[in-house]
Colleague: 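My structure is below; once you've seen it, I'll send some questions.
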Amino acid sequence: MEALVTVENLVKTYGAGANEVQALCGVSMEVRAGEVLVMMGPSGSGKTTLISILGGILTATSGSVKIDGREIVGLPEKHLPALRKELFGFIFQGFNLFPALTAVENVSIMCQLKGVRNPRQRAAELLESVGLQEKLKSYPADLSGGQKQRVAIARALAGEPRIILADEPTAALDSVSGRTVLEIMSGLAREKNRAVVIVTHDPRVLDYCDRIVHIEDGRVGREEVHNQREKVA
Ligand SMILES: Nc1ncnc2c1ncn2[C@@H]1O[C@H](COP(=O)(O)OP(=O)(O)OP(=O)(O)O)[C@@H](O)[C@H]1O
Ligand SMILES: [Mg+2]
């Protein structure tokens with residue numbers, strides 16, 4: 001599988017002097033097209049820091065992150081928004097939906113930001129693809145946790161990102177909603193060759209993933225390969 005993201009010897013230090021925290025101490029790993037990669041590790045081990053640097057939301061202290069062959073560490077910050085817009089979809093904990101906008105408006109606004117043509121129609125299609133065709137005009141307050149998370153997934157898919165980054169996407173979900181969300185995400189990797197990176201503590205995710213990277217104290221510990229795809233095929 002083709003490497004979409006290659007990380008080498010990545011270091012991230014927060015703060016300075018007595019307040020200095022070494023969040024990442026030399027992480028090397030890669031993310032490949034078509035795979036579901038799971039990152040697990042104890043609280044404070046550096047997972048959110050790592051996924052945020054991968055997505056160009058946070059800048060690294062040193063090391064190398066190549067996205068599609070392009071180095072982003074040291075890139076002037078003004079270049080990052082364009083890169084994010086072009087390559088990434090983000091699904092972060094807590095949904096971050098706009099409460100005053102309906103489901104279709106929440107997705108459509110992202111389609112507009114990504115320069116998608118016919119944003120409203122595309123938003124409706126994306127919501128349909130996650131099974132929410134009946135809820136286009138519902139407000140977040142009137143949706144269940146699983147439905148809100150599916151709106152967040154539909155929104156992350158605006159603009160056809162090649163890499164989907166999700167931080168604890170199932171944490172707030174019951175068992176059935178959690179599995180629905182995971183099926184949608186792994187389907188994207190399998191059928192559309194997207195790379196899906198999921199940070200989680202949720203063992204249910206392991207049924208859907210290809211590889212697990214364990215992060216411990218800002219380092220990559222073990223790496224495990226899952227053979228789920230072979231079993232399914
Ligand atoms: N903005 C920040 N300023 C200073 N220190 C930070 C900041 N963000 C994170 N840290 C520290 O960096 C380390 C890694 O944090 P990070 O959020 O990446 O962990 P995590 O693995 O995502 O944890 P969790 O599972 O609890 O979400 C922690 O020690 C944390 O306290
Ligand atoms: Mg975190």
Side-chain angles (χ1 to χ4, degrees), residues 1-7 29-41 47-48 50-57 65-69 83-93 95 107 110-111 114 116 122 125-132 146 149-171 173 175-215 220 222-233:
M1 277 194 276
E2 165 204 3
L4 272 181
V5 183
T6 308
V7 176
M29 57 167 293
E30 61 178 34
V31 182
R32 301 165 195 158
E35 78 171 342
V36 179
L37 174 69
V38 165
M39 289 188 204
M40 298 189 111
K47 305 178 299 295
T48 297
L50 178 56
I51 204 172
S52 303
I53 295 173
L54 290 187
I57 294 175
V65 178
K66 288 204 182 84
I67 297 175
D68 218 12
L83 193 87
R84 285 200 293 265
K85 193 168 140 183
E86 184 191 324
L87 285 167
F88 293 102
F90 297 96
I91 304 167
F92 279 176
Q93 209 174 350
F95 320 119
V107 179
M110 187 61 82
C111 289
K114 298 244 179 180
V116 173
R122 183 66 191 134
E125 289 166 8
L126 286 167
L127 285 166
E128 198 171 316
S129 77
V130 297
L132 290 179
Q149 193 60 295
R150 282 187 275 156
V151 175
I153 293 179
R155 188 180 54 180
L157 297 179
E160 310 271 317
R162 291 170 65 195
I163 308 168
I164 293 146
L165 302 176
D167 199 351
E168 302 278 8
T170 59
L173 305 184
S175 161
V176 173
S177 309
R179 292 212 173 261
T180 305
V181 159
L182 290 166
E183 266 156 32
I184 293 166
M185 294 178 71
S186 57
L188 287 165
R190 312 244 184 292
E191 287 145 34
K192 303 214 158 175
N193 207 36
R194 313 291 171 83
V196 176
V197 181
I198 304 177
V199 166
T200 192
H201 293 103
D202 181 355
R204 291 175 297 189
V205 175
L206 302 183
D207 294 342
Y208 298 86
C209 81
D210 300 303
R211 222 151 42 93
I212 309 165
V213 171
H214 292 270
I215 311 286
V220 174
R222 275 173 308 136
E223 217 184 289
E224 291 170 62
V225 177
H226 260 224
N227 294 314
Q228 212 239 340
R229 194 173 310 203
E230 277 84 336
K231 270 187 252 155
V232 169

Colleague: Say whether, by atom type as modelled, one donor and one acceptor occur between the side chain of Arg222 and the main chain of His214 under 3.5 angstrom.
Modeller: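 Here the side-chain-to-backbone pair does not exist.
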Colleague: Could you check whether Glu160 pairs with Arg194 (Lys NZ or Arg NE/NH1/NH2 to Asp/Glu carboxylate O, under 4.0 Å)?
Modeller: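 Yes, Glu160 and Arg194 are salt-bridged.
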Colleague: Side-chain contact test, heavy atoms from C-beta onward, threshold under 4.5 Å: evaluate it for Asp210 versus Arg32 and give yes or no.
Modeller: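 No; the side chains remain at least 4.5 Å from each other.
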Colleague: How many angstroms lie between atom CD1 of Ile212 and atom CG of Leu206, to the nearest 0.5 angstrom?
Modeller: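 Answer rounded to 0.5 Å: 4.5 Å.
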Colleague: To the nearest 0.5 Å, tell me how far Glu30 CD sits from Lys66 NZ.
Modeller: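 Rounded to the nearest 0.5 Å, the CD-NZ separation comes to 12.0 Å.
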Colleague: Please find the pair of heavy atoms, one from Cys111 and one from Ala158, that lie closest to each other, and give the distance.
Modeller: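 Taking every non-hydrogen atom into account, SG-CB, 3.7 Å.
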Colleague: Check whether Lys114 reaches the backbone of Lys85 with its side chain - one donor and one acceptor, N or O, closer than 3.5 Å.
Modeller: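 Indeed, once roles are kept as given, a pair shorter than 3.5 Å links the two residues.
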Colleague: Do Val65 and Ile53 have side chains that approach each other closer than 4.5 Å (heavy atoms only, starting at C-beta)?
Modeller: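 In short, these two side chains touch, coming nearer than 4.5 Å.
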Colleague: Do Arg179 and Tyr208 have side chains that approach each other closer than 4.5 Å (heavy atoms only, starting at C-beta)?
Modeller: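 A side-chain contact under 4.5 Å exists here.
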Colleague: Rounded to the nearest 0.5 Å, what's the gap from CD on Glu35 to CG on Asn193? Could you check?
Modeller: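 So the gap between those two atoms works out to 10.5 Å.
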Colleague: Do any N or O atoms from the side chain of Gln149 and from the backbone of Pro169 form a donor-acceptor pair under 3.5 angstrom?
Modeller: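 Yes; judged by distance alone, with no hydrogens or angles, the pair exists.
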Colleague: To the nearest 0.5 Å, how far apart are OG1 in Thr170 and NE2 in His201?
Modeller: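 The distance works out to 11.0 Å.
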Colleague: With a 4.5 Å cut-off on side-chain heavy atoms, are Met185 and Val36 touching?
Modeller: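 The answer is no; the side chains never approach within 4.5 Å.
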Colleague: Does Lys47 use its side chain to pair, donor to acceptor, with the backbone of Gly41 at less than 3.5 Å?
Modeller: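 Judged by distance alone, yes, a pair lies under 3.5 Å.
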Colleague: Sort out for me which residue in Leu165, Val213, Leu4 forms a side chain to side chain contact (heavy atoms under 4.5 Å, CB included) with Val197.
Modeller: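 Single side chain to side chain contact (heavy atoms under 4.5 Å, CB included) partner of Val197 among Leu165, Val213, Leu4: Leu165.
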Colleague: Please assess Leu182 against Ile198 for the test side chain to side chain contact (heavy atoms under 4.5 Å, CB included), listing each intermediate value before the final yes or no.
Modeller: CA-CA 10 Å; Leu182 290 166; Ile198 304 177; 4.1 Å; yes
Colleague: Tell me, do Val38 and His226 make a side-chain contact under 4.5 Å, heavy atoms counted?
Modeller: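 The answer is no; the side chains never approach within 4.5 Å.
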Colleague: What distance do Ser186 atom OG and Asp207 atom CG have between them, rounded to the nearest 0.5 Å?
Modeller: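 Rounded to the nearest 0.5 Å, the OG-CG separation comes out at 10.0 Å.
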Colleague: Considering only heavy atoms from C-beta outward, does the side chain of Val199 approach that of Ile215 to under 4.5 Å?
Modeller: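 No, their side chains stay 4.5 Å or more apart.
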Colleague: Do you know the tightest heavy-atom contact between Ala156 and Ile91?
Modeller: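 Reported closest heavy-atom pair: CB-CG1, 3.5 Å.
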Colleague: Hey, what do you get for CG (Leu157) to CG (Leu126), rounding to the nearest 0.5 Å?
Modeller: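 Going from CG on Leu157 over to CG on Leu126, the span is 6.0 Å.
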Colleague: Between Asp68 and Arg162, is there a side-chain N and carboxylate O pair less than 4.0 Å apart?
Modeller: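 Here Asp68 pairs with Arg162 in a salt bridge, since their nearest N and O are under 4.0 Å apart.
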Colleague: What pair of heavy atoms forms the shortest contact from Val130 to Ala154, and how long is it?
Modeller: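 For Val130 and Ala154, the tightest heavy-atom pair comes out as CG2-CB, 4.2 Å.
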Colleague: Does the side chain to side chain contact (heavy atoms under 4.5 Å, CB included) test come out yes or no for Ile67 and Ile163, once each step is laid out?
Modeller: CA-CA 10 Å; Ile67 297 175; Ile163 308 168; 4.3 Å; yes
Colleague: Less than 4.5 Å apart, side chain to side chain, heavy atoms only: is that true for Leu54 and Met39?
Modeller: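 Leu54 vs Met39: side chains touch.
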Colleague: Where is the tightest heavy-atom contact between Ala195 and Val31, given as atom of each residue plus distance?
Modeller: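 That would be CB-CG1, 3.7 Å.
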Colleague: Which heavy atom in Ser177 sits nearest to a heavy atom in Gly146, and how many Å separate them?
Modeller: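 Residues Ser177 and Gly146, closest heavy atoms: CB-CA, 3.6 Å.
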Colleague: Taking the side chain as every heavy atom from C-beta outward, state whether Ile57 and Phe90 have any atom pair closer than 4.5 Å.
Modeller: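 Yes - at least one pair of side-chain heavy atoms lies under 4.5 Å apart.
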